[in-house]
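Working notes, beginning with the structure itself.
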Number of protein chains: 4
Amino acid sequence: MSQNSPLDLRVRRTRKLLRDALVALIAEHGYEAVRISDVCDRAMINRATFYRHFADKGHLLVHCMDDVFEDLQQRINPPPRRAEEIDLSAGYQNIVTLFTHVSEHAAFYRVMLGEAGAGAFRSRIQQILERVLEQRWEQARHAHRHPPRLAPALTLRYQTTAMIGLIQWWVEQGCAETPLAMAQAALDLMLHGVGWAFGLDEALIAANITV
Amino acid sequence: MSQNSPLDLRVRRTRKLLRDALVALIAEHGYEAVRISDVCDRAMINRATFYRHFADKGHLLVHCMDDVFEDLQQRINPPPRRAEEIDLSAGYQNIVTLFTHVSEHAAFYRVMLGEAGAGAFRSRIQQILERVLEQRWEQARHAHRHPPRLAPALTLRYQTTAMIGLIQWWVEQGCAETPLAMAQAALDLMLHGVGWAFGLDEALIAANITV
Amino acid sequence: MSQNSPLDLRVRRTRKLLRDALVALIAEHGYEAVRISDVCDRAMINRATFYRHFADKGHLLVHCMDDVFEDLQQRINPPPRRAEEIDLSAGYQNIVTLFTHVSEHAAFYRVMLGEAGAGAFRSRIQQILERVLEQRWEQARHAHRHPPRLAPALTLRYQTTAMIGLIQWWVEQGCAETPLAMAQAALDLMLHGVGWAFGLDEALIAANITV
Amino acid sequence: MSQNSPLDLRVRRTRKLLRDALVALIAEHGYEAVRISDVCDRAMINRATFYRHFADKGHLLVHCMDDVFEDLQQRINPPPRRAEEIDLSAGYQNIVTLFTHVSEHAAFYRVMLGEAGAGAFRSRIQQILERVLEQRWEQARHAHRHPPRLAPALTLRYQTTAMIGLIQWWVEQGCAETPLAMAQAALDLMLHGVGWAFGLDEALIAANITV
DNA sequence: ACGTAAGCGAGACGGTACGTCGCGTCTTACC
DNA sequence: GGTAAGACGCGACGTACCGTCTCGCTTACGT
């Protein structure tokens, strides 16, 4: 039997060691501060070998992100096949899944979304969330009574960056709340707005719409 | 005493040249890609002189950010002196001011919030917004009928990161909308939520609250 | 014994390919510039296979030199069996043989004696010539009227390096002269000196001996 | 007073340290075996600084050779201004000067002419000697009774390489003989030939000319 | 002739040196 | 006294070549 695995065992081992070392070091010192030689030392991989696999630190980072996001995509992506179930519970499920996934990579998310993280990470997860949210919105379109009240692109950006903010806050707190609680909070904020969350009186809110 | 007199003209000139050069170069190549020697070349300042004023690139960046945020703080910070005017119009005014300020530094915001920007910038503006929003929320507290429905820290983070997302989206579009339109959109999203913006039926929203 | 049986066909083939490749590449780029991987590419031999046969580039070079010098030794070495024939014609014959041999490996000699050649080659051929010349001198000793007028070691070195100089000059010229002409010139220089070759007057030479 | 010296003191110091280190290390390990980092370590110069002065090892070597050969050229070059003194004593003086110079750089010559030396050195000194000898031969031309009996280029090469052989032999012996003795031997070999030095009978030599 | 031990191709890997780049410090000379 | 010019130590970078090491395949040799 010839091994039909795509890559030599040694190759996979080397890449995994490098990935793990990078993640650990970013968590310790931040992305920019990590030197390729540090990664190699930690991974116990020769520096020349690093360059046989990745052109530079950024490529290894992408490799790491692929690792994380692949997991996320596989759990979130499958959209509801039966278009009739337009309730938001599927969306809620997705949000729960998202927070669960985050909690499983909490350390990575904490540092990557932090000040010392890599901008590429934030923009990539933002795109992923945007794509997912847009898809769901497209599928739910016929259930709407009204046309969109604001430019969808704007709304999408608002919601996705806000979600990332929630995630960042949560992992900074050490994931104190359960993923379900976070998902519920996210859904509430999405549906009722920040004013509601702050406890503003509905009448006050309604009154100020016209301002 | 000459100590507290405004700095030597040459010093101020040098620092301004360096600031301008850094901003221009970040806009062209991104923060990390900018070399101190590039900044000096652009500013036509000797590299040794740079080090007489700033310890490193980060310190110059802080200097630049101070320049921008000082402007913002001065326009936004003054809280409503008369606590009785608890209408949201003051908040709305603040938001207009914010977007106006952003439009005046659009290039800077675009690159600094982008993938190639500096993480420090994003986190700093986030803190500023959080502080302002928190202040306003504290002042408006007695006007609320209800206690906060979600943890205020969470809500704050949600709203401020969402605002930054809006800003980023806006400057990426070239500030096509007016600051007033953006402020109105921001306020609407804040008060009515994303579901409303997407045009979801209120009944549907209400129904799913219980999910 | 299988040990001294001629080597496996594959082994001989591999070594020959490597030898030829090295010689060709030295001729093209000089000894130091040749990389082992270049040799392997040219020879269409895997690099790992190279190391199964030679420890490094130097060992392959020695292998190549053995190839060349073995030919030379076999043609020059057999000293005059009958000690009575002490005429110089046998020495002359040897010199003719030497230049003939050189002409048959002209390309190799040209590059190996040139600036980009291997020092080991020059010193090895120098030793060979020195051994041959010393042998002949020992055999011709009883025909001398006089004891050596200069330290034999010095004279030997003078003559052998001069011969190598002649060879180098000749191959650099593309072996324009016949081997016989070169041998005659070498013998003339050996017997009559450089002054004579330049056409200096004998009286002048004699006069200046005392200087 | 502005210093009219061509180079900053630090620059000259750095280059001298590197030169000395290279010479010492070549003497110890041979040219090819010397690593640039070795040179820098020995010279207590940072490796990056090396590259600010020399593109590679070869350029530093040339710098070293210039140092040595400049000395030689200045002592040997000035040709006899008064063309009437065509005796060979001036040539003899030159040869004495050459050997004296060599004895002052004996270690350098020993290793550079040895197997581990640099081919460039040998070929460069060969060219220098050739140029000097050719000059003298041109100036002495009208004193000759006869036209050259062999191609001057060939004779030049013979003599210069032989001289280098003598030099190499001498420094290998630790310069046991005096420079004067070596110069006399060189002149004798030049004027009377190798056969004479070996003590061959003149009649024998004469008889074999016709061979 | 044919099974087997060898020679061999492929290529990952650890290592060492290379030449380059940018940083931050320092000295020197100028104005 | 501030500045220009630039040498210097430092350390990371990305590249190149070396020599070693599996792991299978195939090929010449010995019985």
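A note on names: the letters A, B, ... follow the listed sequences, proteins ahead of strands, and every chain is numbered from 1. Just so it is clear, the structure is predicted and the values come from calculations on it, not from any experiment.
Take the nearest nucleotide of DNA chain F for B/Met44 and for D/Val11: the residue whose nucleotide is more 5' is B/Met44.
When the P atom of F/dG19 is taken as reference, atom NE2 of C/His53 falls 16 Å away, rounded to whole Å. If you take CD of B/Glu32 and P of E/dC23, they are 11 Å apart, rounded to a whole angstrom. Atom CG in C/Leu9 sits roughly 18 Å away from atom P in F/dT26 (whole-Å rounding). Note: CZ (D/Arg10) to P (F/dA7) measures 7 Å, nearest angstrom. Atom-to-atom, CD1 of C/Ile45 to C1' of E/dA10 comes out at 14 Å; the value is rounded to the nearest Å. Per the geometry, CG belonging to A/Leu60 stands 15 Å off C1' belonging to F/dC13, to the nearest Å. Going from atom CG of A/Asn46 over to atom P of F/dC18 covers 16 Å, rounded to whole Å. Atom CZ of C/Arg13 and atom P of F/dT27 are 9 Å apart (whole Å).
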Listing time: all N or O pairs from protein to nucleotides 18-21 of chain E that are below 3.5 Å?
residue, atom, partner, partner atom, Å
E/dC18, OP1, D/Ile36, N, 2.7
E/dC18, OP2, D/Ile36, N, 3.4
E/dC18, OP2, D/Ser37, N, 3.2
E/dC18, OP2, D/Ser37, OG, 3.2
E/dG19, OP2, D/Tyr51, OH, 2.6
E/dG19, N7, D/Arg47, NH1, 2.8
E/dG19, O6, D/Arg47, NH2, 3.0

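The one candidate from B/Val68, B/Val171, B/Asp67, B/Leu113 that meets the side-chain contact (heavy atoms from CB on, under 4.5 Å) condition with B/Phe108 is B/Val68.
Between the side chain of D/Lys57 and the main chain of D/Val39, no donor-acceptor pair closer than 3.5 Å is present.
Rounding to the nearest 0.5 angstrom, the gap separating the CD atom in A/Gln126 from the CD atom in B/Glu115 is 10.5 Å. Going from atom CD of B/Glu32 over to atom CD1 of B/Ile26 covers 9.5 Å, rounded to the nearest 0.5 Å. How far CD1 of A/Ile36 is from SG of A/Cys40: 7.0 Å, rounded to the nearest 0.5 Å.
Side-chain nitrogen and oxygen atoms of D/Thr14 include none within less than 4.0 Å of the OP1 or OP2 phosphate oxygen of F/dA7. Distances shorter than 4.0 Å separate none of the side-chain N or O atoms of B/Thr49 from OP1 or OP2 on F/dT3.
Not counting sequence neighbours, the partners of B/Arg124 by the salt bridge (Lys or Arg N to Asp or Glu O under 4.0 Å) test are B/Asp66.
At a threshold of 4.0 Å, the pair D/Lys16-D/Asp20 counts as salt-bridged, since one of the basic side-chain nitrogens sits closer than that to a carboxylate oxygen.
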